[in-house]
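Input: a single structure, listed below in structure tokens.
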Amino acid sequence: MGAEKKWLFTLFLTTIFSILLLLLYSISVFSSPRLFPSLVQHGLHSPPAFAYYLFGGKGDKDQIFRLLLAVYHPRNRYLLQLGADASDEERYRLVLALKSVPAIRSFENVDVIGKPDRFSSMGSTHIAATLHAAAMLMKLDRGWDWFIALSALDYPLVTQDDMSHVFSSVRRDLNFIDHTSDLGWKEDQRVLPVVVDPGIYLARRTKIFHAMQKRLMPDAFKLLTVWYRVAGSPWVVLSRSFLEFCLFGWDNLPRTLLMYFNNVMLSEESYFHSVICNSPEFKNTTVNGDLRYMIWDSPPKTEPHFLNNSDYDQMAQSGAAFARQFQKDDPVLDMIDEKILKCGRNRAVPGAWCTGRRSWWVDPCSQWGDVNVLKPGPQAKKLEETILNLLDDWNSQSNQCT
């Protein structure tokens with residue numbers, strides 16, 4: 001066969017193959033349940049729903065996508081943000097990855113912030129970005145009950161069926177937020193110094209400015225913080241009613257404290273804690289726990305220990321909803337996927353809503369039934385025990401903000 005005939009034969013095979021792929025895609029599109037999603041029910045007589053804010057920075061696209069699939073459920077709402085240091089191409093590739101998931105295409109409950117907030121891990125812009133995300137989630141969806149912020153370094157230890165099942169027995173005005181009024185060393189090193197977060201004013205500078213003088217402790221309100229001896233993140237599970245107060249407050253307390261914490265280092269450790277405990281309406285809705293599993297190095301560093309395979313058994317038995325922090329693609333994440341979440345790579349965690357046949361080439365969550373039905377697994381019992389212990393402590397105290 002001459003060179004010209006070989007070229008024509010190759011072109012013919014390529015054309016036939018392309019036509020077959022097009023036909024298969026057309027069949028999958030017309031046969032998919034995209035146009036007929038299950039009706040999501042909200043309200044006190046339905047399982048609770050969660051609003052997830054998932055954030056990361058440059059190079060975190062794959063981690064954010066994996067985290068999303070690990071916490072995905074059609075009943076929830078999701079807002080994803082890659083910070084200003086990430087490229088537009090990375091955000092675009094994240095959007096393309098979302099479109100590859102049939103349930104996300106159909107239920108349309110995942111959004112990506114196209115114009116990201118610039119935030120610093122040490123300054124007040126972190127709180128501003130979180131409040132902005134909460135406001136967007138309220139505008140996008142009226143049905144969720146609790147707000148949860150997770151970074152690219154976090155990962156769940158329960159399924160969303162587990163979460164909704166356990167939280168079905170929890171008052172929906174309660175807030176899970178680790179807090180203490182004993183500031184300790186943080187008073188002198190975190191609260192009294194005056195700092196300026198350049199993310200508010202400058203486009204490129206990332207290091208915070210320090211003023212020469214310190215200020216006095218305020219006497220108009222009480223400051224609270226997390227009990228951790230080192231730096232923290234917004235590890236909270238906040239009720240919708242409390243966030244409505246923070247965003248659309250009927251008094252000036254949230255705005256007054258926001259102005260104060262605008263010049264406080266690592267204000268995410270104290271802002272929500274101080275607002276809720278200075279509010280007569282919400283101060284007794286605080287359950288003193290954040291539902292996170294972390295291990296601090298000794299001596300403690302600014303972030304908890306990176307978890308690995310050696311931590312799995314203790315982590316799985318902890319009764320926590322989430323764990324922090326993980327290296328990208330650490331093998332322990334595969335262990336969590338296999339043993340706890342029961343999901344494959346690049347697939348949503350299966351729940352009672354998934355009705356597809358389980359196999360290595362078929363995603364069981366590519367087809368679905370009633371998304372309002374839950375099927376909790378073994379981890380739900382551990383989480384339930386944690387919640388019950390926290391609620392026992394909450395019920396035994398007349399003032400939770402001490």
Side-chain angles (χ1 to χ4, degrees), residues 52-60 62-64 66-67 70-71 81 83 119-123 126-127 129-130 147-158 163 175-180 182-186 189-190 208 224-238 264-273 287-337 339-341 379 382-383 386-387 389-390:
Y52 281 95
Y53 168 48
L54 311 182
F55 60 92
K58 182 180 179 181
D60 289 339
D62 293 337
Q63 288 170 274
I64 291 292
R66 181 172 187 170
L67 176 60
V71 297
Q81 174 165 233
F119 55 86
S120 164
S121 60
M122 299 295 288
H126 209 302
I127 285 296
T130 302
F147 171 87
I148 301 175
L150 299 175
S151 82
L153 301 177
D154 300 326
Y155 212 65
L157 299 177
V158 295
M163 280 284 290
N175 298 273
F176 292 81
I177 181 167
D178 188 288
H179 62 280
T180 178
D182 182 11
L183 300 181
W185 63 270
K186 290 185 179 181
Q189 296 186 28
R190 298 279 174 80
I208 59 176
L224 289 94
T225 186
V226 295
W227 69 265
Y228 303 111
R229 292 173 292 171
V230 292
S233 293
W235 300 316
V236 291
V237 179
L238 300 178
V264 173
M265 185 184 300
L266 288 163
S267 57
E268 71 269 18
E269 290 185 349
S270 302
Y271 175 70
F272 290 119
H273 318 65
V287 180
N288 206 343
D290 57 18
L291 307 181
R292 265 66 168 182
Y293 178 84
M294 292 169 284
I295 298 178
W296 295 99
D297 290 312
S298 182
K301 300 177 181 179
T302 56
E303 285 285 355
H305 158 79
F306 276 101
L307 301 169
N308 54 44
N309 285 347
S310 65
D311 304 307
Y312 174 80
D313 290 337
Q314 186 177 355
M315 180 169 48
Q317 297 298 321
S318 67
F322 308 97
R324 174 182 179 86
Q325 58 184 347
F326 297 94
Q327 297 275 14
K328 180 180 180 181
D329 292 331
D330 191 285
V332 72
L333 295 175
D334 296 330
M335 291 182 66
I336 296 173
D337 286 347
K339 297 183 178 182
I340 296 178
L341 304 180
Q379 289 296 111
K382 300 182 179 67
L383 177 60
T386 297
I387 296 289
N389 289 334
L390 290 173

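Atoms considered below: every heavy atom in the structure, side chains included; atoms not considered: hydrogens, waters and symmetry mates.
- Tested against Arg292, the residues Asp154, Val236, Leu150 include a single side-chain contact (heavy atoms from CB on, under 4.5 Å) partner, Leu150.
- At least one donor-acceptor pair under 3.5 Å links the side chain of Gln379 to the backbone N or O of Leu157.
- Partner of Pro156 under the side-chain contact (heavy atoms from CB on, under 4.5 Å) criterion, chosen from Ile340, Ile148, Val71: Val71.
- Using a 4.5 Å cut-off on side-chain heavy atoms (C-beta onward), Ile387 and Val287 make no contact.
- Minimum heavy-atom separation, Ala320 to Thr386: N-OG1, 4.4 Å.
- Inter-residue side-chain proximity for Leu153 and Asp60 is flagged as unmet; no heavy-atom pair is nearer than 4.5 Å.
- Ring orientation note: the planes of Phe322 and Tyr52 are nearly perpendicular, at an angle over 60° on the 30°/60° scale.
- Salt-bridge check for Asp337 with Arg66: passed, with a basic side-chain N closer than 4.0 Å to an acidic carboxylate O.
- Looking at every heavy atom in both residues, Ala323 comes nearest to Leu307 through CB-CD1, 3.8 Å.
- With hydrogens and angles disregarded, a donor-acceptor distance shorter than 3.5 Å links the side chain of Gln325 to the backbone of Pro304.
- The number of heavy atoms from other shown groups lying within 6.0 Å of NZ (Lys58) does not exceed 12.
- Atom CG of Asp330 sits about 11.5 Å away from atom OH of Tyr155, to the nearest 0.5 Å.
- Considering all non-hydrogen atoms of both residues, Asp178 and His273 come closest at O-CD2, 3.0 Å.
- For residues 309-319, every residue pair satisfying the side chain to side chain donor-acceptor pair (under 3.5 Å) rule, not counting sequence neighbours, is listed here: His305-Asp311, Asn308-Ser310.
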Original post:
Given the rule in the side-chain contact (heavy atoms from CB on, under 4.5 Å) test, do Ile64 and Gln81 qualify, once you have shown the distances and angles that lead to the verdict?
Top reply: CA-CA 9 Å; Ile64 291 292; Gln81 174 165 233; over 6 Å; no
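- Here the side chain of Asn175 pairs no donor or acceptor atom with the backbone of Ile177 at under 3.5 angstrom.
- Taking the six-membered ring for Trp, His126 and Phe55 have ring centres closer than 6.0 Å.
- Taken from CG in Asp290 to CZ in Phe176, the straight-line distance is 11.0 Å, to the nearest 0.5 Å.
- Between Leu341 and Ala70, the shortest heavy-atom distance links the atoms CD1-CB, 4.0 Å.
- Separating the CZ atom in Phe306 from the CD atom in Gln327 is a distance of 4.0 Å, to the nearest 0.5 Å.
- Shortest non-hydrogen contact noted between Arg324 and Met294 is O-CG, 3.4 Å.
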